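Only a predicted model underlies this, so the values are computations on that prediction, with no experimental measurement involved. The chains referred to below are lettered A, B, ... by the order of the sequence lines, with proteins before strands, and numbering in each begins at 1.
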Number of protein chains: 2
Amino acid sequence: MSDDTRSRILAAAGAIFADCGFEAATVREICRAAKANLASVNYHFGDKETLYLETIKLAHTLKTQQTPLPPWPPNTAPEEKLRVFVRTMLQRMLGQHDLCWTSRLMTREMLQPTLASKPLVEEFIRPQFDMLLSILDEMLPPATALHRRQKIAFSIIGQCLHYRISGEFVAILIPEDERRAGFSIDDLEEHIVNFSLAALTELARDPAHSWKYTPHGKA
Amino acid sequence: MSDDTRSRILAAAGAIFADCGFEAATVREICRAAKANLASVNYHFGDKETLYLETIKLAHTLKTQQTPLPPWPPNTAPEEKLRVFVRTMLQRMLGQHDLCWTSRLMTREMLQPTLASKPLVEEFIRPQFDMLLSILDEMLPPATALHRRQKIAFSIIGQCLHYRISGEFVAILIPEDERRAGFSIDDLEEHIVNFSLAALTELARDPAHSWKYTPHGKA
DNA sequence: AAGCGTATAATACATGTGTTTGAATCTCTC
DNA sequence: GAGAGATTCAAACACATGTATTATACGCTT
């Protein structure tokens, strides 16, 4: 039963921290939501801050075990891998409403990094990022500079992330009926993969960029 | 001089609200930063919340007048318009360190919408969004469905926004020397425009998508 | 059944918060 | 220059929060 209230507190804290942020969330609210006594957070975790860190660790764990890096069959086409990657990312961020506090929590960490950010990136984000890079490797000319591959990776990640971060703004910009019609997770997956593969195809076809783009309007 | 402290408070509040969020920011800290008395916030604004709303309005105003929708010469190529659009967006979000609290504030509103979000979107975001849509209109097959154009617009916006939102994570992922070498605003502008134009070119060249992508892995 | 360690509960305390107050100071008009 | 209104200031208030303390109930060994 000790473990019971402990994990109840963790779950409640996850959702509330994700909603309100560390400072705005109150121990009292968390305990009320967890149906636990006010003192239990102090008993089980010492103080509010280590409860927060513990919550982030949990988000970590849940995320990785809930959607592990999928092991592809040996000869999977990189296009297919990219599709699965995008799908997984969107699913993690927009699907699973009961567990989506994990991504909201990570989003908060992005915006306002705490001490937990660095290990979070190293243990959870970087493997994903490297995997995306390796997928791109298979589709790009072998001599493509590292920083180019990184920026392409960020372009793909940014497209996915946008619907988590700016979801509320999207909801205001696009009327609901239209949103239901063309902005389901499947729709977004199709679009992002289409868009990104189109870009990669064209970049591979014409690495010199026929429209001769140059930075400062002197084109 | 009344107006002086009033605007000093507004400026300080903007930066601090952007850094800490509404709840975590304290009136005392704001007044200390503004070199104003603690009571002045209440005298000039009534309470903390209307100070916050006033701050958002100011962010609004500053942003629109600082980088107004640029009026293109009549026959500007859409590619060039897109370039300027992306550049403006990046510049607003990453450049101008003294005024970048405005975009951080808006980012916060995205993540945790308040009552101010809706007017913010309608008055400030939607015009930009519509302008981007009209630029895309010039480059896409005329029959392109609205929701496709919207998603393409979000793909471009998402790429730009990513460096504001996840900037800290990018900073951890990419070692500093590499970051300096390939992730300046100019570099990002070039990449995002390249990537997006490549996608648009390929989508226009082959609207049926030669790699025959279909959503559920049955390709 | 007694005693012990553990988990929970209710309460108390110190601190920091937004807000208010009333006097002091400044600014401008007459 | 005097007075009235506007503005600033230091201090205080009421309240909510994180944390600590104490007491009680439970499960387990002996």
Starting from [atom2] on [N], measure out to [atom1] on [X] and report it in whole angstrom.
X: B:K48; N: C:dT20; atom1: NZ; atom2: C1'; answer: 17 Å
X: B:I30; N: C:dT19; atom1: CD1; atom2: P; answer: 11 Å
X: B:R32; N: C:dG18; atom1: CZ; atom2: P; answer: 11 Å
X: B:R6; N: D:dT8; atom1: CZ; atom2: C1'; answer: 16 Å
X: A:I9; N: D:dT19; atom1: CD1; atom2: C1'; answer: 14 Å
X: A:F45; N: D:dA20; atom1: CZ; atom2: P; answer: 16 Å
X: A:L51; N: D:dT19; atom1: CG; atom2: C1'; answer: 14 Å

| query | Going through the checks in order, is the side chain to side chain donor-acceptor pair (under 3.5 Å) test met by B:E109 and B:T114? | reply | CA-CA 7 Å; B:E109 278 291 316; B:T114 68; 3.0 Å; yes

| message | By the definition side-chain contact (heavy atoms from CB on, under 4.5 Å), identify the one residue from B:L10, B:V27, B:T55, B:L53 that meets it with B:F45. | response | B:L10

Side chain of [X], heavy atoms from C-beta onward: which of [options] has the nearest atom to it?
X: B:D47; options: C:dT11, D:dT7, C:dT19; answer: C:dT19
X: B:N37; options: C:dT11, D:dA10, C:dG18; answer: D:dA10
X: B:V27; options: C:dG18, C:dA10, D:dT19; answer: C:dG18
X: B:N42; options: C:dT20, D:dA10, C:dG18; answer: C:dT20

| Side chains of A:T50 and A:D47, donor plus acceptor under 3.5 Å | yes

| request: Give a yes-or-no answer on whether the side chains of A:D187 and A:S184 include a donor-acceptor pair shorter than 3.5 Å. | output: yes

Give me, pair by pair, the N or O atoms of the protein and of nucleotides 21-25 of chain C that are less than 3.5 Å apart, along with how far apart they are.
none

| remark: Sorted by position of nearest nucleotide on DNA chain D, 5' first, the leading residue of B:R28 and A:E49 is B:R28

| task | Mind checking the CG-CZ spacing from B:D4 to B:R8? Nearest 0.5 Å is all I need. | result | 5.0 Å

| field | From A:I156 atom CD1 to A:I192 atom CD1, the distance as rounded to the nearest 0.5 Å | value | 9.5 Å

| Looking for any heavy atom pair under 4.0 Å, which part of the strands does B:T26 touch: base, sugar-phosphate only, or nothing? | sugar-phosphate

| said: Under 4.0 Å, heavy atoms only, any strand: does A:A25 hit a base, just the sugar-phosphate, or nothing? | reply: sugar-phosphate

| field | Pair B:K81-B:T76, side chain to side chain donor-acceptor pair (under 3.5 Å): steps then yes or no | value | CA-CA 7 Å; B:K81 291 185 188 173; B:T76 312; 5.7 Å; no

| request: State whether A:H44 places a side-chain N or O below 4.0 Å from either non-bridging phosphate oxygen (OP1 or OP2) of C:dT8. | output: yes

| Below 4.0 Å: OP1/OP2 of C:dT8 and any side-chain N or O of A:T5 | yes

